[in-house]
Amino acid sequence: MKYKIKEQFIKKLSEAIRSILPVTALVLVLSFINVPMSFNLTVRFIIGSAFLIIGMALFTLGADVAMTPMGNLLGAFISKKGTRLWFIAAMGVALGFIITVTEPGLQVLANLADDIPTFVLVVTVAVGVGIFLAISFLREVLHFSFRYLLLFFYSLLFLLTFLVPKGFLSIAFDSGGATTGSMTVPFIMALGVGIALKQRTSGPKDDNFGLIAICSIGPILTVMILGLVYTPDGESNYAAYLQGMNNADSIASAYISALIKNLLETLILLAPIAAFFVIFNFITLKISKKKLIRIFKGLFYTFTGLVFFLTGANVGFLPAGSVIGHSLAESNYKWLLVVVGMIFGYLIISAEPAVPVLIHQVVEITKGTVSYKALKLSLSIGVALAIGISMFRVLTGLHIMWFLLPGYLISVSLAFIVPKIFTSIAFDSGGVVSGPLSSAFLLPIAIGASDSLGGSIVNDAFGLIAMVAMTPLVTVQIMGLYVTFLNRRKNKGASK
C-alpha cells in the first residue's frame, strides 16, 4: 500500500509539473521582455510555483484517497431505500454548507472583494450552495429534467439582474464560479456518483453530472438577494494591497507567515467535514478500520496540499498577476493585455487542481466516449475566450451583462439540442474551471490593469471568474455536438 501511494504521488507530481511550468515560464519570459518585476517578487514567484506543484500533487492525491471515497459512501447512504425526502434535502443543505466554507477559491474571492465583509459573503454563498445541493439531490432521486431546471433558475437569475445594484452583479456571478473549486468539486461529484449508482444499475449515468452546475446557481442567487438589502462601498481597496506586496517583507518571512496563516485556516476549514464523516461512520456507515485510516491519510494529503497551494498562490502568484496587469495596461500596446490574458487562460486550465478530477471522472464514467484531449481542449479554448473578453472589458468599461446574457442564452438553448450527458458535463465544467488559481492569479491581472487605467475595479475587473465559468458551457456543448456527429458518421459507415 505504501508503494502504491508513493507511485500515485510521483504520477500526480509529474502531472502537476507539466501543468504549472508553462504558466511559470510565460511569466518569467514576460518579466524579461515587458513586465519588469523586482528581484524579490521574481524569487517569490518561482518559489510559489514550486509550492503550487507540490500542493497540487498532494491535493489531487488526497482527492483520490479521501474526498472521492467519502463522497461515494455518503452519497450511497443518502439515497438508500426508504430514505425520506426531507432527510435527503437536509443532508444536502448541511453538506453543501460545510464543504463550501472549506473552498479555497471562495476564500480568495472573499478577500479580494473587500467591500463586502468576508464572513457575510462566505455565509451567504454557503447557504446558497447548501440549498441548491439539496435541490440537486432531489433531482437525482426524483429524476427532474436537468434542462428545465437550468431554464427556470437562469431565467430567475436574469430577471433579478434588473433589481440588483450594478456593483453587486459581477461579485454575484463570480461567487457562482469561485465556489465550485478544488475542495467542493471532488466531494460533490463523488456524492453524485454515490447517489446515481444507488439509483441505477446499468447504462450511462447522466445523473452523475449536473450537481456542480446546479450548486453554482445557488451562490449567484443568494448573493443577488444580499445585494437587495446590503450596499457595498462600490470600490475595492485590494489593488493597493496587491501593489504593496511588491515591497513586502523578506521572502522567508513572507512565506513563513503565510504558511502559518494558511495552516491554521485550512485546519479550521477541514475540521467540520472530517468530524461530520466520523460521526456518520460511527452511527451508520461503520466502514472498516483499515478504510477509515486510509481516508484520514487522504485528508492529511488534502490538508497539506491546500496549505502549500494557497501559500504559493497568495505569496507568489497573486502579486505577480497584479504587476503583469499594471505593466501591460501602462504600455503603449494595451491590446497585449487581451492577447496575454488569452494565453494565460489557455494554460491555466491545466494548473487548476479540480480540473483533472472532473476530466478523469468524465472519461471513466463515459467509458471513453468523451476523450481526455477533447474535453481539455474545449475547456482551454473556453477559458482563453473568457479571459480575452474580460481584459477587453477592463480596457473598454463595457458592462458584464452584455456578455453574460447572450452567453447563457446560447448555453441554455444548446442544452435542448445537445445529448443530455454533454449538457451536464458542460455546466459542471463551468464551475470546475473557475478555481482558486483563477481567483489568485487571473483576477489580480484584471485588478492591476483596471487600477492602472483608473477604471472601476468592482465593475470592470470583477466578473472575470463569472466569464471563466460561462464560456466552457458553450465550448463543451459544441464539442458534444461534434462528437455526436462523428459517432453518427462512424455508425453509418459501419452499417454499410
Separation between CE of M224 and CG of L163, rounded to the nearest 0.5 Å: 9.5 Å

Spatial distance of atom NZ (K261) from atom CD1 (I256) [nearest 0.5 Å]: 16.0 Å

Distance, nearest 0.5 Å, that separates CG of L133 from CD1 of I88: 11.5 Å

S257 side chain vs A254 backbone, donor-acceptor pair below 3.5 Å: yes

Test side chain to side chain contact (heavy atoms under 4.5 Å, CB included) applied to V362 and L375, step by step: CA-CA 9 Å; V362 168; L375 183 54; 3.9 Å; yes

Side chain proximity check, F187 to L74, heavy atoms < 4.5 angstrom: yes

Taking every non-hydrogen atom, the tightest pair across V383 and G345: CG1-O, 3.3 Å

Sidechain-backbone polar pair: T475 side chain, S378 backbone, donor-acceptor under 3.5 Å: yes

Beyond-backbone contact of I5 with R294, side-chain heavy atoms, under 4.5 angstrom: yes

V127 and I131: CA distance, side-chain angles, deciding distance, side chain to side chain contact (heavy atoms under 4.5 Å, CB included) verdict: CA-CA 6 Å; V127 168; I131 293 170; 3.8 Å; yes

For the student: nearest non-hydrogen atoms of M56 and F309, plus distance: N-CD1, 4.1 Å

Residue pair L292 / K297, side-chain heavy-atom distance below 4.5 Å: no

Heavy-atom neighbours of F300 CZ exceed 12 at 6.0 Å: no

Geometric class of the F280/F87 ring pair [parallel <30°, tilted 30-60°, perpendicular >60°]: tilted

Test side chain to side chain contact (heavy atoms under 4.5 Å, CB included) applied to V65 and L299, step by step: CA-CA 8 Å; V65 176; L299 282 174; over 6 Å; no

Ion pair E7/K11, N-O distance below 4.0 Å: no

Distance-only polar pair, side chains of E15 and T60, donor-acceptor under 3.5 Å: no

Short side-chain to backbone donor-acceptor contact, T24 and S49, under 3.5 Å: no

R147 side-chain N/O to A415 backbone N/O, donor-acceptor pair under 3.5 Å: yes

I387 CD1 to T471 OG1 distance, which is reported to the nearest 0.5 Å: 8.0 Å

Residue pair Y154 / I217, side-chain heavy-atom distance below 4.5 Å: yes

Stepwise side chain to side chain contact (heavy atoms under 4.5 Å, CB included) check, I359 with L379: CA-CA 10 Å; I359 297 178; L379 292 176; 4.2 Å; yes

Side-chain donor/acceptor of S429 to backbone N/O of I425, under 3.5 Å: yes

Steps toward ring pair (Phe, Tyr, Trp, His ring centres under 6.0 Å) verdict (F153, F132): CA-CA 11 Å; F153 284 119; F132 276 73; 4.9 Å; yes

CG-CZ distance between N281 and F276, expressed to the nearest 0.5 angstrom: 12.0 Å

Side-chain heavy atoms of K376 within contact of V355, under 4.5 Å: no

Near-ring test F59/F308, centroid separation under 6.0 angstrom: no

Reported CD1-to-CG distance for the pair I17 and L52, which is rounded to 0.5 angstrom: 12.5 Å

Under 3.5 Å: donor-acceptor pair, side chain of D460, backbone of S450: no

Contact check, side chains of I295 and I287, non-hydrogen atoms, under 4.5 Å: yes

Ring center gap for Y408 and F158 short of 6.0 angstrom: yes

Smallest separation among heavy atoms of V129 and G96, with atom names: CG1-O, 3.8 Å

Worked check of side chain to side chain donor-acceptor pair (under 3.5 Å) between Q477 and T423: CA-CA 6 Å; Q477 288 189 97; T423 297; 3.2 Å; yes

Side-chain (N314) to main-chain (L310) donor-acceptor, under 3.5 angstrom: yes

Plane angle bin for F51 and Y255 - parallel if under 30°, tilted between 30 and 60°, otherwise perpendicular: tilted

Side-chain (N262) to main-chain (A258) donor-acceptor, under 3.5 angstrom: yes

Heavy atoms of other groups near K289 NZ, more than 12 under 6.0 Å: no

Heavy-atom donor-acceptor pair, D174 side chain to I465 backbone, under 3.5 Å: yes

Centroid-centroid distance, F344 to F441, less than 6.0 Å: yes

Validation row: I188, C215 side chains within 4.5 angstrom (heavy atoms): yes

Pairwise side-chain contact, F146 with K420, heavy-atom cut-off 4.5 Å (strictly under): no

